[in-house]
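I have placed the structure first, in the form of structure tokens, so that the comments after it can refer back to it.
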Amino acid sequence: MILSPSLLSADTGRLAAELADLEAAGIAWAHWDVMDGRFVPNITFGQHVIRSLRPASRLFFDVHLMIVEPERYLEAFHAAGADMLVVHAEATAHLQRTLAEIRRLGMRAGVALNPATPLCVLDHVLDDADMVLLMSVNPGFGGQSFLPSTYAKLARLREMLGRRETLIQIDGGVTPENTGELVRAGADVLVSGSSFFGNPPYEARRLAFERAAD
Ligand code: DX5
Ligand code: ZN
């Protein structure tokens, strides 16, 4: 299980120090929630913030784009230092082309689905994605409650992927309490914002998630 703490719940005024603390706590990934105020109601940070923090961290930058027409910004986030770009299927008219372009630029490509979006939108892009992100809350805010309908969707996605090495990421309301069931159902990467950052120290919190995943 890979734990990807969502920086949305970190102390935004001291992001460089937060990234260093994550690294010191044995964390490997950092999840950046980019929001545009259109695809979701909230606005967070963009490519300039990520770019300014890139030299401060060796963490794998997992960038979740909650923006309309993400295809317009792929180059910008690549230049900013993203290792993986995750786009919402609901936000782009040309999902296959967008995923292929992310890979062509040298990044890993991910596709995200809102809770109400059916898995069949993935039918013809399964080989174009390195990761599928299932939203387990409606995106836009940290600290929301996990939607239990995610479990059945996750099990079904695991079946659909067959022998592919595609990662499955779950995002929204993830805690050590639901981690075990998510990992057993086939989740590979868990995003946690409020439950992770709200319960320091970070190394102990990482261990709590890892123990729950065993
Ligand atoms: C929600 C974001 C999530 C969020 C998770 O729109 O995509 O990554 O930060 O936060 P928690 O873990 O607090 O639900
Ligand atoms: Zn996210």
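All values derive from a computational prediction rather than experimental measurement. Every number for a ligand or one of its atoms is a count from 1 in the order of the listing. Numbers here simply count residues along the sequence, with the first being 1.
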Shortest non-hydrogen separation from [X] to [Y] and the atoms involved:
X   : Y    : answer
R38 : D36  : N-OD1, 2.8 Å
L74 : T98  : CD1-O, 3.8 Å
L3  : R206 : CD2-CA, 4.1 Å
D62 : S4   : OD2-OG, 2.8 Å
M66 : V40  : O-CG2, 3.9 Å

Check your understanding: Can you name the residues that form a side chain to side chain contact (heavy atoms under 4.5 Å, CB included) with A16, not counting sequence neighbours?
Key ->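 Testing A16 for side chain to side chain contact (heavy atoms under 4.5 Å, CB included), a comparison that skips the adjacent residues, returns L53, A56.
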
Any N or O of [X] that comes nearer than 3.5 Å to an N or O of ligand 1?
X    : answer
S6   : yes
V174 : no
G143 : yes
S195 : no

Checklist entry - Near the Zn ion (ligand 2), meaning under 2.8 Å, how many protein N/O/S atoms are there? => result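 There are 4 of them.
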
Counting each atom of ligand 1 from 1 as listed, which ones have a heavy atom of [X] under 4.0 Å away?
X    : answer
H31  : 8 (O)
M35  : 6 (O)
L8   : 9 (O)
V191 : 8 (O)
H64  : 7 (O)
P139 : 6 (O)
G173 : 11 (P), 12 (O), 14 (O)
F141 : 1 (C), 6 (O)

Notebook entry, point to check: Does D128 come within less than 4.0 Å of R97, counting only side-chain N to carboxylate O?
Noted result: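 Salt bridge flag = no for R97 with D128.
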
Check your understanding: Is it true that D83 and R54 make a salt bridge, defined as a side-chain N closer than 4.0 Å to a carboxylate O?
Key ->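 Here D83 pairs with R54 in a salt bridge, since their nearest N and O are under 4.0 Å apart.
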
Examine the proximity of ligand 1 to F196 and report which part, side chain or backbone, both or neither, has a heavy atom under 4.0 Å away.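 Within the 4.0 Å criterion, F196 makes no contact with ligand 1.
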
Those residues that, when tested against E18, pass salt bridge (Lys or Arg N to Asp or Glu O under 4.0 Å) (two or more places apart):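 So E18 forms a salt bridge (Lys or Arg N to Asp or Glu O under 4.0 Å) with R14.
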
In terms of the angle between their ring planes, are Y151 and F146 parallel, tilted or perpendicular, with boundaries placed at 30° and 60°?
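Rings of Y151 and F146: tilted, 30 to 60°.
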
Measure the acute angle between the ring planes of F196 and Y202, then classify it against the limits of 30° and 60° as parallel, tilted or perpendicular.
->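 The arrangement is tilted - the two ring planes meet at 30° to 60°.
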
Nearest-contact summary for atom 10 (O) of ligand 1 - protein heavy atom, Å: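 In this structure, atom 10 (O) of ligand 1 has G142 CA, 3.7 Å as its nearest protein heavy atom.
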
Could you tell me the residue and atom name of the protein heavy atom closest to atom 3 (C) of ligand 1, and the distance to it rounded to 0.1 Å?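 Looking at atom 3 (C) of ligand 1, the protein heavy atom closest to it is D171 OD1, 2.9 Å.
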
(Q) For D33 and T44, which I'm curious about, is there any donor-acceptor pair between the side chains at under 3.5 Å? (A)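 No donor-acceptor contact under 3.5 Å links the two side chains.
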
Does any donor atom in the side chain of S195 or R205 lie under 3.5 Å from an acceptor atom in the other side chain?
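Their side chains do contain a donor-acceptor pair, which is all the 3.5 Å distance test asks for.
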
Taking only residues two or more places apart in sequence or in another chain, which ones pass ring pair (Phe, Tyr, Trp, His ring centres under 6.0 Å) with F209?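 Expected list: none.
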
Identify which of G172, G193, G140, S194 has a heavy atom lying nearest to atom 13 (O) of ligand 1.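 Result: the heavy atom closest to atom 13 (O) of ligand 1 is in S194.
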
